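Structure first, commentary second.
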Number of protein chains: 2
Amino acid sequence: MTISLPTITDIDAAAKVLAPYAVRTPLLTSPALDALTGARVFLKPEVLQRTGSFKFRGSFNKISSIPESKRASGVVAFSSGNHAQGVAAAAQIFGMPAVIVMPEDSPATKIARTKGYGAEVVLYDRYKEDREAIARDIQEKRGATLVPPFDDPKIIAGQGTAGREIAEDLLALGVTPDIVSAPVSGGGLIAGIAIATRAKFPNVTLMTAEPDGFDDHARSFASGKREAHSNTGKTICDALMATIPGEITFAVNSKLVSRGVTATDAEVGKAVAFAFRELKLVVEPGGAVPLAALMHGRMDAKGKTVVIVLSGGNVDADLFAQLIEQN
Amino acid sequence: MTISLPTITDIDAAAKVLAPYAVRTPLLTSPALDALTGARVFLKPEVLQRTGSFKFRGSFNKISSIPESKRASGVVAFSSGNHAQGVAAAAQIFGMPAVIVMPEDSPATKIARTKGYGAEVVLYDRYKEDREAIARDIQEKRGATLVPPFDDPKIIAGQGTAGREIAEDLLALGVTPDIVSAPVSGGGLIAGIAIATRAKFPNVTLMTAEPDGFDDHARSFASGKREAHSNTGKTICDALMATIPGEITFAVNSKLVSRGVTATDAEVGKAVAFAFRELKLVVEPGGAVPLAALMHGRMDAKGKTVVIVLSGGNVDADLFAQLIEQN
């Protein structure tokens, strides 16, 4: 099979589509974080993005490409919560109905916010049922268009606009990054960011960041082919539980990404608390994994210029309260 | 007495002094907040500033003006916590000793962070002792330079750099603001912001935002002269408890600021929780007062372009946890 891979031209086009609707998130610096890590760190806070995560970018770009004739039938998606909100919010802007298939153990805030954007939510058992089958069934019955979470050129191009902004802001500052790292589940965000940042900085090192035990990307980079993680346990990083890299995303990432780093739930909790205390940003556990990996010395970052993507901030108040009080 | 008032030239000079050390905070937008308020809102998140509040700007500008010959004797300041951190961090950069006089009921995080910047902290009873007398005593004994919290042209010019950035960013976007509002205690921040924003937008309306009952600025604007608030009670807005506007700050603010708005502690708690859920920013109660006033209809902002300054984010984890879980 020949896969058509997204390019920087697709990302430039997505940036135009998104401009009136997405938040152009800034690139932040923190003297406290620089002092702690010995690196020059730039943070890309996608927590500030519409819907509280980068997912709005890809969803909006994909949904904008659905032909007029198919819009009335709406969209369907499966997601643990951030893609759910991205799809729901984007569909709402286009006046399209949206059905979102979500695990019943999704954070309450993610379910509530998805409904808040006007979507119909169908819950399923993450450990027993097949979400893709449920979504396919809805897709067939309603004629709805599936908005996949990551393995799609339009989705990847949309997420890549975050990388395009990173490159643009660094160029304006006259800064060349050594490392760019983002949280990874299916690999759509890092694929888009890799394409966009490599276009301007051909020597930059891209690193995926995954929860300990859910390291399918790290394993896949090591073996050179798509490997599943073997973990059937749980993690506080509910956003990063995909079991295997996507086909399209891995076709991009296996070329452009250098390696994968991981962080334990305990380390992620410390990163969430650090972001609360020092960065004054609300970051959900899954969004804080590269920050955790950086803080715990996994990136060999001392003396280097590092861009850390904080991908989302949709965390239940109870869990957040627990993490900031215990760390 | 003739008071020498700071001007836009002083703010431009402060911006040059601060550039290598302060964070140039962005201007953020939130589709969720625009939808809630019916206004076009821009947020100036000084929570992202070095030390977690705007106070670093004024302290650094003031301390940079202390002559070499006086630096070894250090600085002294009194503060409920944010100015404390600003002074401590700025003094540390100049290698100067710092003594900070803080109320014993200051948030633990503010005391710990002040010590973290290398300062010596002297605690006093906010309701029984005179902090200015304690600071004056230290000043005399050690030959230290007093860094006042607000009533000083260098302090006001430093805080004004936040307003200068607001004006610069709005001009770049081609946007003219109708209202600019910031939290107020002694009035230094709003004075600097008023000078800087009025220089570019002569018709903009400036509004102070104070906790209900601690409304000395609102009362002073109404009567035309400096009035104390009569409240001896408590508020969760520990940063905004000054009893009367400063002389220099009021000389500026009585000319440039149109009126004062207030918000109750309950409304402020809701604003802190909203910032957590929707803006993904950690804002301390005192820093959220203008957001609370906007959310509760006190600014007549519908259809208008409003800039809200979120002045600080140094809040104890326990209080923050309580506010986000209860609201």
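In what follows, chains are A, B, ... by sequence order, proteins preceding strands, each numbered from 1. Keep in mind that what you see is a predicted model, and the values were worked out from it rather than measured.
Contacts of B/V283 with chain A are absent, with no heavy-atom separation under 4.5 Å from either backbone or side chain.
Between A/V315 and B/F276, the closest heavy-atom pair is O-CZ, 3.6 Å.
Only one option out of A/L281, A/N314, A/L310 pairs with B/K280 in a side chain to side chain contact (heavy atoms under 4.5 Å, CB included); it is A/N314.
Between chain B and the options A/T109, A/L279, A/L48, A/V282, heavy-atom pairs under 4.5 Å are most frequent for A/V282. Residue with the most contacts toward chain B among A/A321, A/A273, A/P31: A/P31 (heavy-atom pairs, distance under 4.5 Å).
Interface residues of residues 19-29 of chain A toward chain B, defined by a heavy-atom distance below 4.5 Å and sorted by number: A/V23, A/P26, A/L28, A/T29.
Between B/E278 and A/R50, none of the side-chain N atoms (NZ, or NE/NH1/NH2) sits under 4.0 Å from a carboxylate O, so this pair counts as no salt bridge.
A donor-acceptor pair under 3.5 Å is formed between the side chain of B/R113 and the backbone N or O of A/R277.
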